[in-house]
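Order of the sequence lines sets the chain letters (A, B, ...), proteins ahead of strands, with each chain counted from 1. Worth saying up front: this structure is predicted, and the values here are computed from it rather than measured.
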Amino acid sequence: MSVSVLVIGAGPAGLSAAVAAADAGAMVTLLDAGDGLGGQYWRHLPPERSSVREARLHHGWPLFERLRERVAADEAITVLTEAQVWAVETTGAVTVRVLVGPADAAGREPLALAADAIVFATGAHDRTLPFPGWNLPGTFSAGAAQALAKGERIAVGRRAVVAGAGPFLLPVARSLTDAGAEVLGVYEAARPLHAAKGWLARPHRLLGAARKGPELAGYLGHHLRRRIPYRLGAAVVEARGEGRVEEAVIARLDADWAPVPGTERTVAVDAVCVSHGFTPRLELPIAAGCRTGPDRFVLVDADQRTSVPGVYAAGEITGIGGVDAALVEGRIAGHRAAGGDRSALRADLRRRRAADDVARRIEAAHGVRPGWRAWLRDDTVVCRCEEVPYGRLRDTAAATAQDSLRSLKLTTRAGLGICQARMCGRTVEELTGAAPASAADTSDQRPLAAPIRLGDLAGLATTPHGGKDTQ
Amino acid sequence: MSELVPRAADPIRPAAASPLRITVDGATLEGLQGQSIAGVLLAHGRTAWRTTVAGHPRGAFCGIGVCFDCVATVNGESDVRTCMRRARDGDAVETQDDGTSNDGTEPGERP
């Protein structure tokens, strides 16, 4: 009898895991919360508005098309889209509880899927550090600008700035200009020396990163051609406007990312697109009991195995390494989850080392540095949902000498809103020094991995197996 | 102002999608099949449609279903992430004012 493998997330890591698991003889079920495949990296137009020229907006599009065709054609792979996993159990066989249907709709079809092994490939979302005005309409995460441009052909503004940290800012600027927006500048917080130390150390190793090197070079070429200023050591430190963004304030930063006084200048814009890196989507691996490391990624061994038997992880939840890392980790995880022989993986293990090197460079060059707090004011909203300002958060933490994140959240309500601290959790931890006492006390811990209507939850509680079982 | 790339000017020239109509607080907005509800609103230059407890406007922020800033009531169901929900012809969208919550729940009460 063949092994059954569940793959959660159909971005680069999940697609490659599903194919590798099927190649190794497993019966595979590939789930994604969205209604298309490709994840955020290959986010694309819906079938109603498809384009034969869509490759122009993407890197590695032919590879995506091959993977998409393969998972559709392979009888050993079942694809479920609009499938929101909201719980996972790992006692005995791995079981996930899923709602299938339009996002956040009541009455979606409940499923319980069980398998011999599971691969988490849930990816990451942008981390945007707060700054005055980041809650004004017209301020977007850089990922939103990217997703709306690639997935809907929407330009989030006509005159935009892109700011934050990391190589992701470059494709965002490109997507905006391709959607007809004028990008006035890209502001990278890392200073030239840091960026150079991260990226130029041992340059021969970058040659092993097959896609990332040419991809980055392509973006830089694009910037030169379009004459978009790319400034290192600079940031958007404030967005201003009446009811929406009308101006961005840009300042130079010192090596610790603190704004240099007197360097502020104001530009008229209608969109500010900001990302300071990525936060892995950890709620399912944590719910499954997977251990995370000090850097808050899922710990995996050479086979992409987590600390829980039968549970594998691949892609950005194991480290922000980009598409090459995601693809190779997915292949290793899928192959091993299906019981495939390790000796078949030698080339992939070598490729993963090169991809890991890229992840380290990104962190060394663009990792968040503590001086950014200097651009906060007392009234700067930190928790967007509960509108908790920085001053109140800081004063509460100081007045009560609280070092438990949980009690601090209960006192201030920071991180208790509808997004369940996905936006502000790590920022609240950093600003208050409320070190999580344990994995159960981090802002990554969520009782339910996805929002679910109370009515649906009540309905499921009366039918413990939540509808049909696949086994 | 946010806008849809005009099809004729789009270098990738997407297929011509059929039109659809939704209502937002009773007013009709035209969109295209395959757009998200947030996409329909943004294509009309609307960047804000929710009002927070403190009375501040919000619209789409993360664009990928993580931040919940863009939620609205769709066909009577509250707190639908409009960036994740494809628009369907005839959808009735009501914007949410969390300062005057109409479903009786406190913000954050729902898990």
(request) Side chain from CB out, backbone as N, CA, C, O: work out which of these in A:Leu148 comes under 4.5 Å of a heavy atom of chain B, or both, or neither. (result) side chain

(message) Taking side chain as everything from C-beta outward and backbone as N, CA, C, O, which of these in A:Arg244 sits under 4.5 Å from a heavy atom of chain B? Side chain, backbone, both or neither.
(response) side chain

(message) Counting only non-hydrogen atoms closer than 4.5 Å, does A:Ala105 touch chain B with its backbone (N, CA, C, O), its side chain (CB onward), both, or neither?
(response) both

(request) Let me know if A:Glu82 has heavy atoms under 4.5 Å from chain B in its side chain, its backbone, both or neither. (result) neither

(message) Quick check: do A:Thr427 and A:Val382 have side-chain heavy atoms less than 4.5 Å from each other?
(response) yes

(message) Need one label for A:Asn135: side chain, backbone, both or neither, based on atoms under 4.5 Å from any heavy atom in chain B.
(response) both

(request) Please list all pairs passing the ring-ring contact (aromatic ring centres under 6.0 Å, His included) test where one or both residues lie in residues 43-87 of chain B, with sequence neighbours left out. (result) A:Trp134-B:Phe61

(request) Name the member of B:Leu42, B:Leu32, B:Ile64 that forms the most heavy-atom pairs with chain A at distances under 4.5 Å. (result) B:Ile64

(message) Does A:Arg426 form a side chain to side chain donor-acceptor pair (under 3.5 Å) with A:Thr279? I'd like the steps, not just the answer.
(response) CA-CA 9 Å; A:Arg426 294 191 176 196; A:Thr279 305; 5.0 Å; no

(request) May I ask you to test the A:Arg174-A:Leu57 pair for a side-chain heavy-atom distance under 4.5 Å? (result) no

(message) Is B:Ser18 close to chain A through its backbone or its side chain, or both, or neither, when contacts mean heavy atoms under 4.5 Å?
(response) neither

(request) Mind ranking A:Arg281, A:His125, A:Glu54 by heavy-atom pairs under 4.5 Å with chain B and telling me who comes out on top? (result) A:His125

(request) Side chain from CB out, backbone as N, CA, C, O: work out which of these in A:Arg159 comes under 4.5 Å of a heavy atom of chain B, or both, or neither. (result) neither

(request) Pick one of side chain, backbone, both or neither for A:Glu152, based on which atoms fall under 4.5 Å of a heavy atom in chain B. (result) both

(message) Is the shortest side-chain heavy-atom distance between B:Ile12 and A:Leu45 below 4.5 Å?
(response) yes

(message) Which one wins on heavy-atom pair count under 4.5 Å against chain B: A:Gly143, A:Cys424, A:Gly180, A:Ala179?
(response) A:Ala179

(message) I'd like to check A:Arg49 versus B:Arg7 (side-chain heavy atoms, cut-off strictly below 4.5 Å). Are they in contact?
(response) no

(message) Within the 4.5 Å heavy-atom criterion, are B:Gln96 and B:Asp79 side-chain neighbours or not?
(response) yes

(request) Specify which of B:Pro6, B:Ser36, B:Ala38, B:Gly45 makes the most heavy-atom pairs with chain A at under 4.5 Å. (result) B:Ser36

(message) Please identify, among B:Met84, B:Gln33, B:Arg86, B:Arg13, the residue contributing the most non-hydrogen atom pairs under 4.5 Å to chain A.
(response) B:Arg86

(request) Report the relative orientation of the aromatic rings in A:His44 and A:Phe64; use parallel for angles under 30°, tilted for 30 to 60°, perpendicular for over 60°. (result) tilted

(request) Could you check which of A:Arg153, A:Glu48, A:Gln40 has the highest count of heavy-atom pairs closer than 4.5 Å to chain B? (result) A:Arg153

(request) Considering only heavy atoms and a distance below 4.5 Å, find which of A:Arg422, A:Arg446, A:Arg384 pairs most often with chain B. (result) A:Arg384

(message) For the interface with chain A, which of B:Cys62, B:Ala48, B:Ala17, B:Gly59 has the highest count of heavy-atom pairs at distances below 4.5 Å?
(response) B:Cys62

(request) Calculate, to the nearest 0.5 Å, the distance between atoms CG and CD belonging to A:Leu136 and A:Glu246 respectively. (result) 8.5 Å

(message) Please check this pair: side chain of B:Asp89 against backbone of B:Arg21, looking for a donor-acceptor N/O pair closer than 3.5 Å.
(response) yes

(request) Select one option (side chain, backbone, both, neither) describing which atoms of A:Ala271 are under 4.5 Å from chain B's heavy atoms. (result) neither

(request) Could you tell me which residues satisfy side chain to side chain contact (heavy atoms under 4.5 Å, CB included) with A:Asp32, sequence neighbours excluded, listed by chain and number? (result) A:Ala10

(message) Using heavy-atom distances under 4.5 Å, tell me whether A:Arg56 contacts chain B through its side chain, its backbone, both, or neither.
(response) side chain

(request) Might you work through the side chain to side chain contact (heavy atoms under 4.5 Å, CB included) test for B:Ser78 and A:Arg453, ending with a clear yes or no? (result) CA-CA 10 Å; B:Ser78 64; A:Arg453 288 179 188 281; 4.2 Å; yes

(request) Quick one: pull up CG in B:Asp10 and CG in A:Asp178 and give me the separation to the nearest 0.5 Å. (result) 9.0 Å

(message) Given heavy-atom pairs under 4.5 angstrom as the criterion, report whether the side chain, backbone, both or neither of A:Arg43 touches chain B.
(response) side chain

(message) Looking only at heavy atoms and a cut-off of under 4.5 Å, which of B:Val74, B:Val66, B:Asn75 has the most pairs with chain A?
(response) B:Val66

(message) Given heavy-atom pairs under 4.5 angstrom as the criterion, report whether the side chain, backbone, both or neither of B:Asp69 touches chain A.
(response) side chain

(request) Specify which of A:Thr139, A:Asp104, A:Val52, A:Val245 makes the most heavy-atom pairs with chain B at under 4.5 Å. (result) A:Asp104

(request) Can you tell which part of A:Thr128 gets under 4.5 Å to a heavy atom of chain B, answering side chain, backbone, both or neither? (result) side chain

(request) Indicate yes or no for a side-chain donor-acceptor contact from B:Arg85 to the backbone of A:Ala103 under 3.5 Å, with no hydrogens or angles considered. (result) yes

